[in-house]
Amino acid sequence: TVAGSPVTVNVPGGPYVRVEVLGAVLRIGASGGPELSGDFAFDQSTKADGTKLTRIGLANVAVTFGGQGLKHGEGGLIITSAGIAGVLSGDLDVSGGGASAAGRLGLRINKTGAAVNETITVGTRDIEIKFGVAEGDVFSFFGSDLSFNVGDFVTIEGSVSFTSLPNYQVFGGTNLLVFLGQGPLKQANGDINSTATGLLLRNATVGLVKFTDGTVAFTATGTVEIIGINGISLSATATVRVNNSGRIVNETISIPDTTQDAVVRFDTTAAVTTFTATNVSLVVAGQTFHGDLGFDKIATGPYTGALKI
């Protein structure tokens with residue numbers, strides 16, 4: 001009873017401790033300096049088998065400097081005697097020195113060697129940390145709706161995912177746009193800048209599987225264009241396929257916050273190195289070429305290593 005009124009205390013069986021801080025702000029130096037803010041929760045309990053479980057939850061987190069940095073962050077981390085597992089995501093918005101980066105970033109890690117299913121409540125937000133039985137040893141990074149620009153010369157946009165597993169690593173990208181040249185590539189309203197000149201790859205999908213022996217299986221497809229160069233134009237749908245792993249590969253790479261997967265599939269163990277371009281339209285000094293082309297590397301016989309067109 002507190003001040004004559006009953007107070008209900010409802011906590012898990014001990015030993016148990018929990019600390020929650022909402023609306024916290026940690027600032028280094030004067031206003032505008034580095035700042036960490038958000039809602040934080042920490043608890044520690046002892047399971048029935050005697051092992052300790054420590055959990056840390058984050059919500060509404062921002063790490064900023066001069067108003068820039070990581071915002072709208074949330075995540076959670078558990079620590080056990082077997083290892084750690086956690087998730088973290090947030091919106092990135094930084095610029096300076098002629099470079100800028102923006103988009104949503106995320107991280108998933110599980111080094112416990114087992115499945116994980118924990119929910120941490122931070123204020124009104126429930127943070128789920130879930131990993132399946134097959135995800136006992138995984139490190140995964142993803143970025144959605146990313147935009148990266150360096151000096152209006154290099155522009156990269158799209159969504160990507162990287163995952164490290166015990167026997168191999170995978171990387172996938174969808175809806176990618178890559179520009180190399182004299183920009184900026186886009187106007188303020190998002191339209192392509194008519195004065196930009198360079199090489200443009202758009203609507204690209206990339207999938208890469210790298211094995212522990214250093215071999216890879218790789219596929220990429222997208223539309224290639226040369227823009228803004230007088231007297232020269234090029235557009236084509238290009239596809240690259242490489243498999244030097246000596247393995248049959250069938251990997252679907254999911255990218256969070258998107259509806260499109262990157263698929264790396266090779267149905268035989270044969271070495272593959274191919275490039276194909278379809279719907280090619282090339283104009284040079286008034287001369288036009290239309291058609292399809294392709295080449296691959298000869299893997300066996302007296303012409304091994306030569307290109308077949």
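Heavy atoms only: backbone and side chains are in, while hydrogens, waters and symmetry mates are out. Residue numbers run from 1 in the order of the sequence given.
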- May I have the step-by-step check of side chain to side chain contact (heavy atoms under 4.5 Å, CB included) for Leu177 and Leu200, ending in yes or no? CA-CA 7 Å; Leu177 180 148; Leu200 175 64; 4.0 Å; yes

- Checking salt bridge (Lys or Arg N to Asp or Glu O under 4.0 Å) for the pair Asp93/Lys71: CA distance, chi angles, key distance, verdict? CA-CA 8 Å; Asp93 185 5; Lys71 303 176 181 179; 5.2 Å; no

- Item | Val61 vs Phe40, side chain to side chain contact (heavy atoms under 4.5 Å, CB included): CA-CA, chis, key distance, verdict | CA-CA 8 Å; Val61 171; Phe40 306 89; 4.1 Å; yes

- Report the C-alpha separation of Asp137 and Lys111 in whole Å, then their side-chain angles, then the decisive distance to 0.1 Å, and conclude whether the side chain to side chain contact (heavy atoms under 4.5 Å, CB included) test is met. CA-CA 5 Å; Asp137 184 4; Lys111 295 297 181 179; 2.7 Å; yes

- For the pair Leu58 and Asp39, evaluate side chain to side chain contact (heavy atoms under 4.5 Å, CB included) and give the outcome as yes or no after the intermediate values. CA-CA 6 Å; Leu58 316 169; Asp39 303 330; over 6 Å; no

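With contacts defined as side-chain heavy-atom distances shorter than 4.5 Å, the pair Gln260/Ile255 does not qualify. Between Glu118 and Arg55 the shortest side-chain heavy-atom distance falls below 4.5 Å. You'll find the side chain of Ile56 stays beyond 4.5 Å of the side chain of Asp43, heavy atoms only. Taking 4.5 Å as the limit, every side-chain heavy atom of Thr51 sits out of range of all side-chain heavy atoms of Thr80. Within the 4.5 Å cutoff, the side chain of Leu53 has no heavy atoms near those of the Gln44 side chain. A heavy-atom distance below 4.5 Å is not found between the side chains of Glu251 and Arg265. Contact check for Val224 versus Leu199: side-chain heavy atoms found under the 4.5 Å cut-off. You'll find the side chain of Ile226 stays beyond 4.5 Å of the side chain of Ser233, heavy atoms only.
Taking hydrophobic clusters as Ile, Leu, Val, Met, Phe, Trp and Tyr residues chained together by side-chain heavy-atom distances below 4.5 Å, Phe275 shares a cluster with Leu176. At a threshold of 4.5 Å between side-chain heavy atoms, the hydrophobic network of Ile, Leu, Val, Met, Phe, Trp and Tyr places Leu107 and Leu70 in two separate groups. No chain of hydrophobic side-chain contacts below 4.5 Å, direct or via other Ile, Leu, Val, Met, Phe, Trp or Tyr residues, connects Ile129 to Phe139. A continuous path of Ile, Leu, Val, Met, Phe, Trp and Tyr side chains, each step under 4.5 Å between heavy atoms, connects Val87 with Leu165, placing both in one hydrophobic cluster. If you chain together hydrophobic residues whose side chains sit under 4.5 Å apart, Val160 and Leu105 fall into the same group.
Side-chain contact annotation: Arg18 with Ser45, donor-acceptor N/O pair under 3.5 Å absent. The closest side-chain donor-acceptor pair between Thr223 and Asn203, if any, does not fall under 3.5 angstrom. Thr163 and Ser140 share a side-chain donor-acceptor pair at under 3.5 Å. Defined by atom type and a distance below 3.5 Å, a donor-acceptor pair is present between the side-chain atoms of Thr121 and Asp126. For the 3.5 Å distance criterion, the side chains of Thr119 and Glu128 fail to qualify, holding no donor opposite an acceptor.
In the displayed structure, Gln182 atom CD is contacted under 6.0 Å by at most 12 heavy atoms of other residues, nucleotides or ligands. Heavy atoms from other residues, nucleotides or ligands lying under 6.0 Å from NZ of Lys52 number 12 at most.
Distance alone, capped at 3.5 Å, places no donor-acceptor pair between the Thr269 side chain and the Ile248 backbone. At distances below 3.5 Å, at least one donor-acceptor pair connects side-chain atoms of Ser159 with backbone N or O atoms of Asp145. Side chain of Asp91 to backbone of His72: no donor-acceptor contact under 3.5 angstrom is found. Remark: side-chain polar atoms of Asn244 are paired, donor with acceptor, to backbone N or O of Val216 under 3.5 angstrom. Put simply, the side chain of Asp261 never gets that close to the backbone of Val263: no donor and acceptor are under 3.5 Å apart. Remark: side-chain polar atoms of Glu20 are paired, donor with acceptor, to backbone N or O of Gly123 under 3.5 angstrom.
Closest heavy-atom contact between Ser254 and Ser161: O-OG, 3.5 Å. The two residues Ile253 and Val264 make their nearest non-hydrogen contact at CD1-CG2, 4.2 Å. When all heavy atoms are compared, the tightest approach of Asn110 to Ala85 is OD1-CB, 3.5 Å. Residues Asn243 and Ala217 share a closest heavy-atom pair of OD1-CB, 3.8 Å. Annotation for Tyr168 and Thr212: closest pair N-CG2, 4.4 Å, computed over non-hydrogen atoms. What you find for Ala220 and Val206 is that their closest heavy atoms are CB-CG2, 4.0 Å.
With values rounded to the nearest 0.5 angstrom, Asp292 atom CG is found 6.0 Å from Asn279 atom CG. Within the model, atoms OG1 of Thr197 and CZ of Phe179 stand 6.0 Å from one another, a figure rounded to the nearest 0.5 Å. The CZ atom of Phe162 sits 9.5 Å away from the CZ atom of Phe171 when rounded to the nearest 0.5 Å. Within the model, atoms CG of Leu185 and CD1 of Ile227 stand 5.5 Å from one another, a figure rounded to the nearest 0.5 Å. A distance of 8.0 Å separates CG in Leu92 from CG in Leu146, rounded to the nearest 0.5 Å.
The list of salt bridge (charged side-chain N to carboxylate O under 4.0 Å, His left out) pairs with a residue in residues 175-204, not counting sequence neighbours, reads Glu157-Lys186, Arg202-Glu225.
Salt bridge status for Glu135 with Arg108: present, with a side-chain N to carboxylate O gap under 4.0 Å.
Seen from the ring of Phe266, Arg241 counts as a face-on cation partner, given the 6.0 Å and 45° thresholds.
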